[in-house]
Amino acid sequence: MEKITRIVRLSFQLNRCAEFEALYMAASPKIQTMPGCLSLSLKKDATNPHVYYTLSTWTSLDALDAYRQSPLFQETWAKTKAMFHEKAEAYSLVDFQ
């Protein structure tokens, strides 16, 4: 299997950004210990203060899918979705070469 890079664009209600950042800070160390997670980072859009991107790298699509089925993901995602301004966009990528 190929290494997977996952990019998720998240748009939040402006008054919920600090709440999301706190949730991310609490969940991030747990996510990074999930089997197959190689890295995880959070970026903030340079021009839209309510838009964030998570970038994660996984050993395989199976590892990413296993995380997405985990109780940790289910709980964190439910809390995250409640803060959305717009529906999230997610992309799973493999290296070109």
Following the transitive rule for hydrophobic clusters with a side-chain heavy-atom cut-off under 4.5 Å over Ile, Leu, Val, Met, Phe, Trp and Tyr, establish whether I7 and F20 coincide in one cluster. no
Any chain of hydrophobic side-chain contacts (each under 4.5 Å) joining L10 to M25? yes
Could you measure the distance from the CG atom of L14 to the CE atom of M83? Nearest 0.5 Å is fine. 14.0 Å
Pair S92-R6, side-chain donor/acceptor within less than 3.5 Å: yes
Roughly how far, to the nearest 0.5 Å, is NE2 of H50 from CD of Q13? 10.5 Å
Taking every heavy atom of L61 against every heavy atom of I4, the minimum-distance pair comes out as N-CG1, 3.4 Å
At their closest point, which heavy atom of P49 faces which heavy atom of C17, and how far apart are they? O-SG, 3.9 Å
Straight-line distance of R9 CZ to K87 NZ, nearest 0.5 Å: 13.0 Å
Hey, mind stepping through L42 and Y53 against side-chain contact (heavy atoms from CB on, under 4.5 Å) and telling me if it holds? CA-CA 6 Å; L42 179 66; Y53 294 85; over 6 Å; no
Using the rule that two of Ile, Leu, Val, Met, Phe, Trp, Tyr join whenever any of their side-chain heavy atoms come within less than 4.5 Å, decide whether L23 and L72 are in one cluster. yes
A63 and P35 have their tightest heavy-atom pair at CB-O, 3.9 Å
So do the side chains of R16 and H85 get within less than 4.5 Å of each other, counting heavy atoms only? no
For Y52 and D45, what are the C-alpha separation, side-chain angles and deciding distance, and is it a side-chain contact (heavy atoms from CB on, under 4.5 Å)? CA-CA 6 Å; Y52 295 76; D45 192 277; over 6 Å; no
Can you tell me how far apart CG (N48) and OG (S11) are? Round to the nearest 0.5 Å. 7.5 Å
Donor-acceptor contact present, side-chain T33 to main-chain K30, <3.5 Å: yes
Side-chain donor-acceptor pair under 3.5 Å between Y91 and E89, yes or no? yes
Taking all non-hydrogen atoms of both residues into account, name the closest pair between Q74 and Q69 and its distance. NE2-CA, 4.0 Å
Indicate, with yes or no, if L40 and V51 share a hydrophobic cluster defined by side-chain heavy-atom contacts under 4.5 Å among Ile, Leu, Val, Met, Phe, Trp and Tyr. no
Give the C-alpha distance, both sets of side-chain angles, the deciding distance and a yes or no for side-chain contact (heavy atoms from CB on, under 4.5 Å) between T54 and S41. CA-CA 6 Å; T54 59; S41 64; over 6 Å; no
Under 3.5 Å, is there a donor-acceptor pair between the S60 and W58 side chains? no
Which is it for F12 and E19 under the side-chain contact (heavy atoms from CB on, under 4.5 Å) test, yes or no, and what are the steps along the way? CA-CA 10 Å; F12 293 100; E19 183 180 355; over 6 Å; no
Please confirm whether W77 and F84 have ring centers closer than 6.0 angstrom. yes
Roughly how far, to the nearest 0.5 Å, is the CG atom of D65 from the OG atom of S70? 11.5 Å
Is L38 reachable from V94 through a run of I, L, V, M, F, W or Y residues, each pair having side-chain heavy atoms under 4.5 Å apart? no
Would you kindly say whether S28 and Q32 are connected by a side-chain donor-acceptor distance under 3.5 Å? yes
Between E2 and T59 (side chain of the first, backbone of the second, donor and acceptor by atom type, cut-off under 3.5 Å), is there such a pair? no
